[in-house]
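Residue numbers start from 1 in every chain, and the chains themselves are labelled A, B, ... in the order their sequence lines are given, proteins ahead of strands.
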Amino acid sequence: MANMAQAIRLALHYGETHLGVTDIFGEDVGPPLGGVFTCTQGLEKSWNTPLDERGIIGTALGLALAGQRPVCEIQFVDYIFNTIDLLKVVGNTHWATNGAFKVPLVCMTPVGAGIHGSIYHSHSFESIASHIPGWKIVLPSTPKDAYGLMISAIKDDNPVMFLYPKALIRAKGEGVIPGVPDDRTLHKMIDAPSGPTLYDIMSIRENWKPEWPEGLTDYQVPIGKARVVRSGEDCTVVTYSRHVHLAKQAAAKLEDEGIHPEIIDLRTIYPWDKETVFESVRKTGRLLVLNEDTPITNFGEHILREVMEHCFYDLVVRPRLLAGADVPGVGLHPNLESVSVPQLTDLMREMKALATEIA
Amino acid sequence: MDDGLKLDILKHMITSRCLEERMIKMAKSSDGFFWIGGAGEEGFNVPLGVLARPGFGPEYDYFYFHYRNSGTMIAMGMDPRDEIRQMHNRATDPFSGGRNFCNHYARKAWNVMPVTSTIQTQCCIAPGSARVQKRHGGEGITIVTSGDAGTAEGDFHVGLNWSTLPGWELPILWIVTNNEYGISTSFYEVRGEPPISEYGRAYGIPGKRVNGFDVEESYKALQEAMEYVRTERKPFLLEVSVARLFGHSSSSGANRVPPEREPDPLELWANRLIEEGLITREAYDANYQSETSRMAFILEEVRKEPAPTPESAFDHIFYEGE
């Protein structure tokens, strides 16, 4: 099973060879590095840009308006904030021109804490992104979903923000991406050889070329479709990105205590799969939304509001949100980070209280 | 310039001016809201439109205009009716369906990219389509216009930098029309190192200052700059002196500024052609009068066209296929 970096790379390769992707670009995206998280190694259409996020988003829009199909990267989402007005322009162009221009572009960028990233490598962005109309927003939690969501994002004729969890970039997941060989073979085929310094890497990779698996497909995860990760009847946990895995761990532990939670991986937050969430809430009557973004006007609050409107009489106890702390940043020391983003113990406490509260 | 061309330019300048004057009247009545436009820039903007190559795809020029390029659009063949539709925010407005301010053009068939009110963002976007032209070859270029105040935005420098990456020098004609004001703030109050035409020097981009009140000088400078960008496939920067004959916009009153403060390029050009004997004063006045009446007549017709419906606000949020 590929890891997430490999999955993204494979999808981009499929995109550049089968789906008309013309440009894959961003800071350190091209050779020799192929991305600080290796997501773009060996890609034919990849190129390096100046260290300039506004130029990256702007150029992606210009390429898309001129009929190309670009994928751009913001190296860390923490550095996307100075492009907000351009993201607005990208998102509103189709509407502002009354449908005359379409904007088929993908912006990929790693999000979230979990790598001791301190104040500027730990941001979440989905809540802010959801305030920028005209974008579709996807957040994969597994390599297979990363592949399938990237293929869907590339094929979409609208701007898609692909927010991937940097903490899971090397994690392997369940499920096999169609056409991808075993780990060891894949590693040999598509991971660029490394070296101790940039100069070594440059010389080692000068003549290196990846050997792409031949059987790659356009396996897609549809945008806007959630996945029920685990069925249960005692409570519903709605989450996405790396907290899917935390929820699974918590559920496995609670199982021993006779609690059976249902876990939903939303996978897309715009448009989000209301039906799957509502259906689960109607079954369990108990809802927890889980993410690591800051809590004020958190996207989870929107989910709670929709659930209140549509499933109010199905709820048997108050619905809850477990989000990041209301602090200006994720501090570096593990004590600071662990108190700033939901941890397993927090989650178990919340889920247990939710599942056992007397109705 | 031959006589026919000179007269054509005069004709477009008159049409463009009469269009702007009508839209100003609309802003001051119940026929429209905010006005912003290009009265005072026609001496340069019309020659730009005459020399540009509108069409669809990288073979043709891509245009990233700001909101003062009415003269260019008229010279490229825009029916003034379309701009009056936008000013009157009709459903028939071909640029935005009643969603955007006047002079916010978007015309895919001519490579006119959507104009936005965000100052200078066009400089970040233009390198995208210019890159397509660089790959494609041919003589198509990307033309970007902005004002002097906007050159303080980082985006201006983003554009200059991205158009000079080694091996990826881009065929972009950067045009800054300098009217010496950002709304009310003098250019000289907020800038240490004019002229703007020299700003490209740090990026290796040649530049030139042009007197935008002089049609012939503008035409010649544009010809030379375009020739360079089309054949060298590298950027060039033009700084053009222009006027704001009705101030910044309707928010500052849109009243005619005193003629001794800012000259009128249309009057200068008309006087010149009258002196040369290409047109009589009477013929010029008659032409002006007839264009003024035409705009009023167009408005009368446009008033009968449908307004966007409330439900249409939800159209085209996402592209959902043909």
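Counting heavy-atom neighbours within 6.0 Å of A:Phe76 CZ, excluding the residue itself, gives a total above 12. Within 6.0 Å of CZ in B:Arg201 there are 12 or fewer heavy atoms belonging to other residues, nucleotides or ligands. The environment of CE in A:Met308 is sparse: at most 12 heavy-atom neighbours from other residues, nucleotides or ligands sit within 6.0 Å. Heavy-atom neighbours of A:Glu44 CD from other residues, nucleotides or ligands within 6.0 Å: at or below the threshold of 12. Atom NZ of A:Lys45 sits in a sparse spot, with 12 or fewer heavy atoms from other residues, nucleotides or ligands closer than 6.0 Å. Other residues, nucleotides and ligands contribute over 12 non-hydrogen atoms within 6.0 Å of the CZ atom of A:Phe81. Counted within 6.0 Å of CZ on B:Phe34, heavy atoms from surrounding residues, nucleotides or ligands total more than 12; the atom is thus considered enclosed.
Here B:Gly97 is the residue among B:Pro94, B:Pro58, B:Gly97, B:Ala130 with the most heavy-atom pairs under 4.5 Å with chain A. The candidate with the highest count of non-hydrogen atom pairs below 4.5 Å against chain A, out of B:Cys123, B:Ala126, B:Pro114, B:Pro308, is B:Pro114. Most heavy-atom pairs under 4.5 Å with chain B, from the set A:Asp23, A:Thr22, A:Thr93, A:Asn92: that is A:Asp23. Heavy-atom pairs under 4.5 Å with chain B were tallied for A:Ala60, A:Pro50, A:Gly134, A:Ala100; the largest tally goes to A:Pro50.
Both the backbone and the side chain of A:Leu65 come within contact range of chain B, judged by heavy atoms closer than 4.5 Å. Contact of A:Lys88 with chain B is not made at all, since no heavy-atom distance falls under 4.5 Å. Of the atoms belonging to B:Asp315, it is backbone heavy atoms, and not side-chain ones, that fall under 4.5 Å from chain A. Interface remark: B:Leu165 contributes side-chain atoms only to the contact with chain A (heavy atom separation under 4.5 Å). Using a 4.5 Å cut-off between heavy atoms, A:Asp52 contacts chain B through both its backbone and its side chain. Contact of B:Tyr64 with chain A is made through the side chain alone, with heavy-atom distances under 4.5 Å.
By the 4.5 Å heavy-atom criterion applied to side chains, B:Val132 and A:Gln68 are counted as neighbours. Within the 4.5 Å cutoff, the side chain of B:Phe318 has no heavy atoms near those of the A:Val103 side chain.
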Could you walk me through whether A:Arg54 and B:Ile125 pass side-chain contact (heavy atoms from CB on, under 4.5 Å), step by step? CA-CA 9 Å; A:Arg54 293 188 64 80; B:Ile125 304 167; over 6 Å; no

Verdict with supporting geometry, B:Phe95 and A:Thr97, side-chain contact (heavy atoms from CB on, under 4.5 Å): CA-CA 6 Å; B:Phe95 307 130; A:Thr97 62; over 6 Å; no

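Considering OG1 of B:Thr116 and CG of A:Asp85, their distance stands at 8.5 Å, rounded to 0.5 Å. Atom-to-atom distance recorded for B:Thr121:OG1 and A:Ile57:CD1 is 13.0 Å, nearest 0.5 angstrom. Here the straight-line distance linking atom CZ of B:Arg135 with atom CG of A:Leu63 works out to 6.0 Å at 0.5 Å rounding. In this structure, CZ in A:Phe101 is found 7.0 Å from NZ in B:Lys108, a value given to the nearest 0.5 Å. Put simply, CG on A:Asn158 and CD on B:Glu320 are 7.5 Å apart, with the number rounded to the nearest 0.5 Å. For the atom pair CG of A:Asn98 and CG of B:Asn100, the computed distance is 11.0 Å after rounding to the nearest 0.5 Å.
Shortest non-hydrogen contact noted between A:Ala66 and B:Ser129 is CB-CB, 3.8 Å. For the pair A:Trp95 and B:Ala313, the tightest heavy-atom approach, listed with the atom from each and the gap, is NE1-O, 2.8 Å.
Remark: the backbone N or O of A:Ile56 is not paired with any side-chain donor or acceptor of B:Trp162 at under 3.5 angstrom.
In this structure, B:Arg131 satisfies the cation-pi test against A:Trp47, with its NZ or CZ atom closer than 6.0 Å to the six-membered ring centre and inside 45 degrees of the ring normal.
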